[in-house]
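Residue numbering restarts at 1 for every chain, and letters A, B, ... go by the order of the sequence lines.
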Amino acid sequence: MPTKILIPAGVLGLGFDQAALARGVAAQPDIICIDGGSTDSGPFYLGTGTSKYARSVCRSEWRALMLARADAGVPLVIGSCGTCGTRETVDWMYEITCEIAAELGQSLTIARLYSDQTAPDIIAAHDAGLLSPLVPAPPLDAEAITACTHIVALAGVEQIQAALQTGADIILAGRTTDTATIAALPLSCSDHAGGAWHGAKIGECGAFCTNNPASGVVMITFDETGFEVEPMAVDAVCTPHSVSAHMLYENSDPFILHEPGGHLDVTEARYTAIDDRRVRVEGSLWVPADAYRVKLEAAHIGGYQTTMMAVIRDAHYVAHADQWLQGLTSFLHRKIATTTSLKRDDFTLEFRLIGQNAALGALEDGIGTPLEVGVLLIITAMDQETATDLSKVINPFLLHHPLTAHEDLPTFAFPYSPAHTDRGALYEFAMNHVLEMSDPMDGFTLAVDEVVDGKAG
Amino acid sequence: MAKLADLVPKIRSKNAGPFWVTVDIFCGDAARFAEISARLTTAHVCARLRADPAMVKRFDIENLAVIKFSFIRPAVQGSRFDRDMHGAQLGVLFAELEI
């Protein structure tokens with residue numbers, strides 16, 4: 001029996017075509033799967049255990065999916081809840097789910113899968129030689145592990161299958177690989193293993209594999225030799241090119257995808273048009289690994305930041321912005337050394353000249369004089385008080401520093417008052433490692449609740 | 001000599017996890033793919049990126065008419081010295097390459 005998986009969008013929060021979702025439900029899927037996150041937007045979300053997308057937007061879209069689930073009478077699964085897939089964001093999705101269940105009068109079995117890892121467990125794994133660095137990996141020792149605010153492991157299909165076996169109506173998973181929620185059911189149903197992983201990768205961004213990415217909804221049908229992909233929006237089409245090209249997207253290797261327990265190899269995959277909007281894929285290969293390894297993600301605080309911005313429009317200063325900045329930087333370091341107790345390594349002043357090389361830095365080789373230059377200063381120090389204080393030391397000079405000693409003091413444009421903005425903690429990714437496990441459920445936990453009228457029974 | 005962007009329909013850059021960036025050069029058709037594949041050398045790309053060739057992966061994908069380069073980011077995503085969270089502007093380095 002083929003396994004039909006309805007994927008409403010690439011991520012909860014990005015929106016989808018409601019009519020396409022209704023068409024998908026009418027086509028009787030076996031499960032509805034959606035992704036809730038990734039590291040795409042940077043380390044802040046994992047560092048803080050918060051969602052990138054607005055609660056209101058997630059709630060509105062999740063409500064539509066909970067209604068679709070009730071209509072279809074099949075499980076609804078979300079992976080990597082709340083962008084980062086930490087305990088906090090899984091529980092955040094649980095709270096949203098309970099609120100909506102109460103509104104809709106739905107009684108549900110809800111399974112929560114937690115992917116959080118504790119520092120003592122990861123230190124023990126490190127000491128036991130169970131952690132392996134990927135390229136490139138930040139240095140790791142007990143101190144670095146302890147400094148992480150969050151550590152998560154990316155769940156694979158095994159953990160999602162365990163959650164499905166609880167009979168839950170809704171599964172709220174912590175950090176998972178992009179593909180795991182989709183590949184889990186076809187693999188349980190003994191569909192083609194290479195096809196299950198490959199189809200999951202093609203479908204994980206929703207309609208990104210079609211000519212109409214914003215429509216969101218696709219159906220992937222898995223069977224014993226491969227899979228088929230069909231967009232659910234009437235005006236969207238899949239072609240062999242649109243489907244195969246999706247393997248390029250965000251992948252450093254377009255043919256090999258590492259997953260817990262093995263890797264997918266699509267080198268020999270064949271993409272065939274079934275008609276003018278559906279594509280069939282066969283020939284993908286799943287290669288089991290010698291050990292079960294999951295990828296780890298972690299974030300730590302790398303300092304505290306304050307930013308400042310000034311705009312230079314004076315043509316003389318715009319033309320000599322580099323020289324001016326060199327002079328200002330040297331002056332500021334002397335000033336800070338003489339007026340504070342800070343050492344040179346206690347802080348960084350990152351100046352970005354917007355209009356000159358702010359995006360590319362040292363790699364910029366374009367030349368030309370812009371109309372105006374934005375001077376963005378990012379101050380990083382060991383605590384917020386120091387970063388804020390430095391901004392106040394710097395303030396008069398960012399406003400008035402002259403190009404040479406022989407000219408009147410200029411005054412540049414500060415766009416707002418105060419001229420400084422405290423950014424709080426700077427979070428940084430702290431691991432690029434895999435963890436070997438003897439049992440896929442080691443380090444993952446499941447909680448199952450019966451929710452009646454929005455309250456756990 | 002011509003800018004790469006003037007020879008191909010599309011160049012796309014995107015982060016591939018926090019530590020890598022990947023650039024896809026869509027050549028459009030088989031003839032242009034063959035031409036670019038031969039003219040665009042990995043050494044030239046590495047020199048422009050100031051990247052160690054050992055840390056740059058290249059894929060010439062004939063059936064998609066795409067040449068793909070993946071390389072380690074100049075700064076880890078979101079770290080103190082990172083300038084471009086999604087690495088998407090790094091595609092400009094390829095678009096403006098003279099080949």
Subject >> chain A contact via B:Asn15 - which portion, at a heavy-atom distance below 4.5 Å >> reply: both
**OP:** Name the option with the most non-hydrogen atom pairs under 4.5 Å to chain B; the candidates are A:Pro138, A:Gly361, A:Pro43, A:Pro254.
**Re:** A:Pro254
Subject >> Closest non-hydrogen atom pair between A:Val135 and B:Met55, with its separation >> reply: CG1-SD, 4.0 Å
Original post:
Hey, does A:Ser244 have a side-chain heavy atom less than 4.5 Å from the side chain of B:Leu64?
Top reply: yes
Original post:
Would B:Lys14 and A:Asp40 count as a side-chain contact (heavy atoms from CB on, under 4.5 Å) if you check the C-alpha gap in whole Å, the side-chain angles of each, and the deciding distance to 0.1 Å?
Top reply: CA-CA 10 Å; B:Lys14 182 79 173 70; A:Asp40 206 48; 2.6 Å; yes
**OP:** Go through the atoms of A:Met247 and report whether side chain, backbone, both or neither lie under 4.5 Å from a heavy atom of chain B.
**Re:** neither
**OP:** For the pair B:Arg80 (side chain) and A:Glu350 (backbone), establish whether a donor and an acceptor sit closer than 3.5 Å, ignoring hydrogens and angles.
**Re:** no
Original post:
Which atoms of B:Phe26 come close to chain A, meaning under 4.5 Å heavy atom to heavy atom: side chain ones, backbone ones, both, or neither?
Top reply: side chain
Original post:
Does B:Lys68 reach the main-chain N or O of A:Leu248 with its side chain, forming a donor-acceptor pair under 3.5 Å?
Top reply: yes
Original post:
Relative to chain B, which of A:Pro240, A:Ala137, A:Ala362, A:Ser38 shows the most heavy atom pairs under 4.5 Å?
Top reply: A:Ala362
**OP:** For atom CZ of B:Arg12, decide whether the heavy atoms of other residues, nucleotides or ligands shown that lie under 6.0 angstrom number more than 12.
**Re:** yes
Subject >> Heavy-atom closest contact (B:Gly17 atom, A:Thr39 atom, distance) >> reply: CA-OG1, 4.3 Å
Subject >> Note, A:Leu360 side chain near B:Asp84 side chain (heavy atom, < 4.5 Å) >> reply: no
Original post:
Under 3.5 Å, side chain of B:Ser70 to main-chain N/O of A:Ser252, donor-acceptor pair present?
Top reply: yes
**OP:** Examine distances only and state if a side-chain atom of B:Arg83 and a backbone atom of A:Ala358 form a donor-acceptor pair shorter than 3.5 Å.
**Re:** yes
Subject >> Which atom of A:Pro136 lies closest to which atom of B:Ile72, heavy atoms considered >> reply: CG-CG2, 3.8 Å
Subject >> Donor-acceptor contact below 3.5 Å, side chain B:Trp20 vs main chain A:Glu250 >> reply: no
**OP:** Would you mind checking which part of B:Ile61 comes under 4.5 Å of any heavy atom in chain A, side chain (CB onward), backbone (N, CA, C, O), both or neither?
**Re:** side chain
Original post:
Checking side-chain contact (heavy atoms from CB on, under 4.5 Å) for the pair B:Phe59/A:Asp253: CA distance, chi angles, key distance, verdict?
Top reply: CA-CA 8 Å; B:Phe59 304 90; A:Asp253 187 322; 3.7 Å; yes
Original post:
Based on non-hydrogen pairs under 4.5 Å, which of B:Ser13, B:Ala65, B:Gly78 is most in contact with chain A?
Top reply: B:Gly78
Subject >> Heavy-atom side-chain contact between B:Arg48 and A:Asp365 under 4.5 Å >> reply: yes
Original post:
Where is the tightest heavy-atom contact between B:Gln89 and A:Ala359, given as atom of each residue plus distance?
Top reply: CB-CB, 4.4 Å
Subject >> A:Glu364, CD: over 12 other non-hydrogen atoms inside 6.0 angstrom >> reply: yes
Subject >> Sorted by number, residues from residues 294-306 of chain A in contact with chain B (heavy atoms, under 4.5 Å) >> reply: A:Gly302
Subject >> Over 12 non-hydrogen atoms of neighbours within 6.0 angstrom of CG in B:Asp29 >> reply: yes
Original post:
Quick one: does A:Tyr249's side chain get under 4.5 Å of B:Thr22's, heavy atoms only?
Top reply: no
**OP:** State, with a plain yes or no, whether a side-chain heavy atom of A:Leu363 is found less than 4.5 Å away from one of B:Pro74.
**Re:** yes
